[in-house]
2 protein chains.
Amino acid sequence: MSDVTTKVSRLDKKEQTHRHLIDVALKLSSERSFASLSLREVAAGAGITAAGFYRHFHDMEELGLALVDEVGLSLRRLLREARKRVSPGPDAIKSSIESFLEFIRENGNLFRLLLGERQGASAVFRKAIHSEMDRFIGELAIDLERLQQSTGKPLRDPHLAAEAIVAVVFTVGAEALDLPRHKHVGLAHRLSEEIKMILRGSLQK
Amino acid sequence: MSDVTTKVSRLDKKEQTHRHLIDVALKLSSERSFASLSLREVAAGAGITAAGFYRHFHDMEELGLALVDEVGLSLRRLLREARKRVSPGPDAIKSSIESFLEFIRENGNLFRLLLGERQGASAVFRKAIHSEMDRFIGELAIDLERLQQSTGKPLRDPHLAAEAIVAVVFTVGAEALDLPRHKHVGLAHRLSEEIKMILRGSLQK
DNA sequence: ACTTTCAGTATACATATGTTAACTGAAATT
DNA sequence: AATTTCAGTTAACATATGTATACTGAAAGT
């Protein structure tokens with residue numbers, strides 16, 4: 001196993017370049033809009049010729065949808081991570097924000113794609129991303145509902161609150177992408193205040 | 001003045017095609033991302049040749065910045081309109097939302113550009129749009145402060161509330177772009193609830 | 001051992017792109 | 001009336017693009 005020339009089956013090899021294509025497209029689309037990427041440059045980036053591209057995707061749009069899937073996966077991963085380290089208590093918000101910012105730092109490219117293509121080129125993209133976000137909002141709403149039960153303070157409309165929170169969180173996330181890490185502390189504070197504001201306002205009086 | 005062949009000076013003519021270029025770019029960039037537009041097709045759309053384009057803009061990026069200016073102008077126009085028809089009272093929110101949705105309907109292309117390019121291609125764009133939005137948030141914060149004075153209910157942090165409100169409003173606005181007009185009523189309701197939630201939560205207890 | 005499969009190449013194509021240089025003709029200036 | 005200015009054209013260029021066709025060679029199947 002510790003051989004230098006590890007053997008690869010043909011399928012492994014294909015899967016490998018497949019990933020390579022996705023990764024290259026991801027990297028490039030974080031610098032320019034996905035719509036402006038050319039099939040040839042993505043192929044070249046992955047070390048194959050243009051014609052070879054067709055062995056993997058029929059289209060640039062098909063590649064794009066693969067990227068959107070990737071986005072969905074990572075959003076679910078984000079939720080899972082956030083839930084795992086939530087210490088039930090008043091720090092839940094703070095810890096969730098920390099998870100989110102860390103996610104942004106590690107998956108910056110994916111997040112950029114999500115934001116950029118949420119409304120962009122094709123309606124297909126928009127719809128796909130939209131449904132990923134709806135799922136995300138729905139999951140968050142469930143969490144809020146659980147939170148409300150454990151604290152005994154019921155919310156008027158968890159789903160509405162979740163929508164507002166996601167809007168705020170993603171807006172701040174977009175800003176974080178353009179800022180050096182040391183400024184994320186300030187963002188986190190601001191975000192925390194805004195979320196608390198929303199939750200306060202959604203408490204049943 | 002009611003002549004059919006109204007005379008146009010050379011400068012008038014130039015200004016005319018200048019606008020034409022901007023309008024065409026606006027229209028095209030609402031269907032695809034601005035970064036994917038080509039100089040030639042914009043020129044063709046405006047009825048001139050590619051070489052003629054250079055009499056107006058040195059670059060596609062320069063055209064892009066003109067579009068961003070346009071966005072800024074229309075945001076200020078939106079605020080002015082909204083303020084004009086705000087009936088001081090509890091309907092302030094509802095009437096503002098109406099203004100906003102109407103703005104979206106009439107300036108859909110500009111709004112699409114704003115959203116799409118907020119994070120997209122060049123950092124230049126992002127920065128320009130960002131500063132336009134900051135101005136907008138600042139103005140809204142002032143309005144909220146006025147509102148708080150007239151109602152006697154002070155807000156903790158008007159600027160923070162303004163940020164959250166804009167995040168929510170623009171998110172819903174993005175959805176409105178993809179929905180037929182008759183569904184805007186539902187969006188307006190949802191938006192109204194979310195804004196009230198934020199304002200409630202930002203009241204000093 | 002042979003044959004088949006197929007990821008990737010080589011090559012060629014028509015078309016679109018940004019940019020340049022030399023021009024045209026009508027409006028503006030003198 | 002003669003001259004200048006300049007928005008827009010024509011033409012040409014080097015380069016990038018998507019796509020099709022025939023190919024190569026090594027892995028997989030027989």
Side-chain angles (χ1 to χ4, degrees), chain A residues 1 3-29 31-67 120-122 124-125, chain B residues 1 3-29 31-67 120-122 124-125:
Chain A
M1 280 305 139
D3 198 352
V4 177
T5 58
T6 47
K7 267 193 200 135
V8 281
S9 73
R10 195 159 56 169
L11 280 178
D12 286 349
K13 184 87 198 297
K14 180 173 188 184
E15 206 175 333
Q16 200 175 303
T17 50
H18 194 88
R19 262 242 70 82
H20 207 160
L21 281 170
I22 291 181
D23 288 341
V24 168
L26 208 50
K27 175 158 209 169
L28 291 178
S29 74
E31 291 156 9
R32 325 197 312 265
S33 88
F34 177 81
S36 73
L37 302 188
S38 79
L39 183 154
R40 281 181 115 107
E41 67 180 328
V42 174
I48 63 175
T49 52
F53 178 94
Y54 293 103
R55 298 281 175 199
H56 299 271
F57 303 99
H58 163 266
D59 224 31
M60 276 298 283
E61 174 159 326
E62 200 172 296
L63 209 201
L65 290 178
L67 293 194
S122 77
V124 182
F125 270 42
Chain B
M1 280 303 142
D3 197 352
V4 177
T5 58
T6 48
K7 264 188 205 145
V8 282
S9 73
R10 195 160 54 171
L11 280 178
D12 286 349
K13 184 87 199 296
K14 180 172 188 185
E15 206 174 332
Q16 201 174 302
T17 49
H18 193 89
R19 260 241 72 79
H20 208 161
L21 282 169
I22 291 180
D23 288 341
V24 167
L26 208 49
K27 175 159 211 168
L28 291 178
S29 74
E31 293 155 9
R32 322 198 313 266
S33 89
F34 177 81
S36 74
L37 302 188
S38 80
L39 184 154
R40 281 182 114 110
E41 66 180 329
V42 173
I48 62 176
T49 50
F53 179 95
Y54 293 103
R55 298 282 174 197
H56 298 272
F57 302 99
H58 163 266
D59 224 31
M60 276 297 285
E61 175 160 325
E62 200 172 298
L63 208 202
L65 290 178
L67 293 193
S122 75
V124 182
F125 270 41

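Residue numbering restarts at 1 for every chain, and letters A, B, ... go by the order of the sequence lines.
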Colleague: Distance check needed: dA16(C) P versus Leu28(B) CG, whole Å only.
Modeller: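 Result: 16 Å.
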Colleague: Tell me the interatomic distance from Glu15(A), atom CD, to dG8(C), atom P, rounded to whole angstroms.
Modeller: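 Result: 12 Å.
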Colleague: Counting only side-chain nitrogens and oxygens, does Ser38(A) get under 4.0 Å of the OP1 or OP2 atom of dT17(D)?
Modeller: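 Answer is yes, contact under 4.0 Å.
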Colleague: What is the minimum heavy-atom distance between Ala43(B) and Thr49(B), and which atoms define it?
Modeller: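 Here Ala43(B) and Thr49(B) meet closest at CB-O, 3.7 Å.
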Colleague: Mind calculating the distance between CD (Glu61(B)) and P (dT19(C)) to the nearest angstrom?
Modeller: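 Those two atoms, CD and P, are 12 Å apart.
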Colleague: Per the salt bridge (Lys or Arg N to Asp or Glu O under 4.0 Å) rule, what does the pair list look like for residues 53-63 of chain A, sequence neighbours excluded?
Modeller: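 Pairs touching residues 53-63 of chain A that pass the test: none.
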Colleague: Could you check which residues of residues 18-26 of chain A get a heavy atom under 4.0 Å from DNA chain D? Sort them by number, please.
Modeller: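 Contacting residues: none.
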Colleague: I'd like to check Phe53(B) versus Met60(B) (side-chain heavy atoms, cut-off strictly below 4.5 Å). Are they in contact?
Modeller: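 Answer yes - side chains close enough.
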Colleague: Once you round it to whole Å, what is the distance between P of dT15(D) and CD of Glu41(A)?
Modeller: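 Distance check: Glu41(A) CD to dT15(D) P gives 18 Å.
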Colleague: Out of curiosity, Lys27(A) NZ to Leu37(A) CG, how far, rounded to the nearest 0.5 Å?
Modeller: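 Taking NZ in Lys27(A) and CG in Leu37(A), the distance rounds to 13.5 Å.
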Colleague: How close or far is atom C1' of dA16(C) from atom CG of Leu39(A), stated in whole angstroms?
Modeller: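 Spelled out: CG on Leu39(A) to C1' on dA16(C) is 15 Å.
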Colleague: What are the two closest non-hydrogen atoms of Ala46(B) and Val24(B), and how far apart are they?
Modeller: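 Smallest interatomic distance, heavy atoms only, reads N-CG2, 3.9 Å.
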Colleague: Figure out the CZ/P separation between Arg40(A) and dA10(C), and round it to whole Å.
Modeller: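 For the pair Arg40(A) CZ and dA10(C) P, the rounded distance is 13 Å.
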Colleague: Using atom NZ of Lys13(A) as one end and atom C1' of dG25(D) as the other, report the distance to the nearest whole Å.
Modeller: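 Nearest whole value for this atom pair: 12 Å.
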Colleague: Within residues 43-57 of chain A, find the residues that approach DNA chain D with a heavy atom at under 4.0 Å, and present them sorted by residue number.
Modeller: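 Listed by number, they are Ala50(A), Ala51(A), Tyr54(A).
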Colleague: Using a cut-off of less than 4.0 Å, is there contact between a side-chain N or O of Thr17(B) and OP1 or OP2 of dG8(D)?
Modeller: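 Checking Thr17(B) against dG8(D): at least one side-chain N or O falls below 4.0 Å of OP1 or OP2.
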Colleague: dA7(C), OP1 or OP2 - any side-chain N/O from Lys14(A) closer than 4.0 Å?
Modeller: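 True: Lys14(A) side-chain N/O within range (under 4.0 Å) of dA7(C) OP1/OP2.
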Colleague: Looking only at heavy atoms, which two atoms of Gly45(B) and His20(B) are closest? And how far apart?
Modeller: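 Nearest pair, atom of Gly45(B) first, then His20(B): O-NE2, 3.9 Å.
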Colleague: If you look at every heavy atom in Leu67(B) and Ser29(B), which pair is closest and at what distance?
Modeller: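 Answer, listing the atom of Leu67(B) first, then Ser29(B): CD1-OG, 4.5 Å.
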Colleague: Using a 4.5 Å cut-off on heavy atoms from C-beta on, say whether the side chain of Ile22(B) contacts that of Phe57(B).
Modeller: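 Counting from C-beta outward, Phe57(B) and Ile22(B) do come under 4.5 Å.
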Colleague: Over how many whole Å does the gap from His58(A) atom NE2 to dG18(D) atom C1' extend?
Modeller: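 That distance rounds to 12 Å.
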Colleague: Which pair of heavy atoms, one from Leu63(A) and one from Ala25(A), lies closest together, and at what distance?
Modeller: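 For Leu63(A) versus Ala25(A), the nearest heavy atoms are CD1-CB, 3.8 Å.
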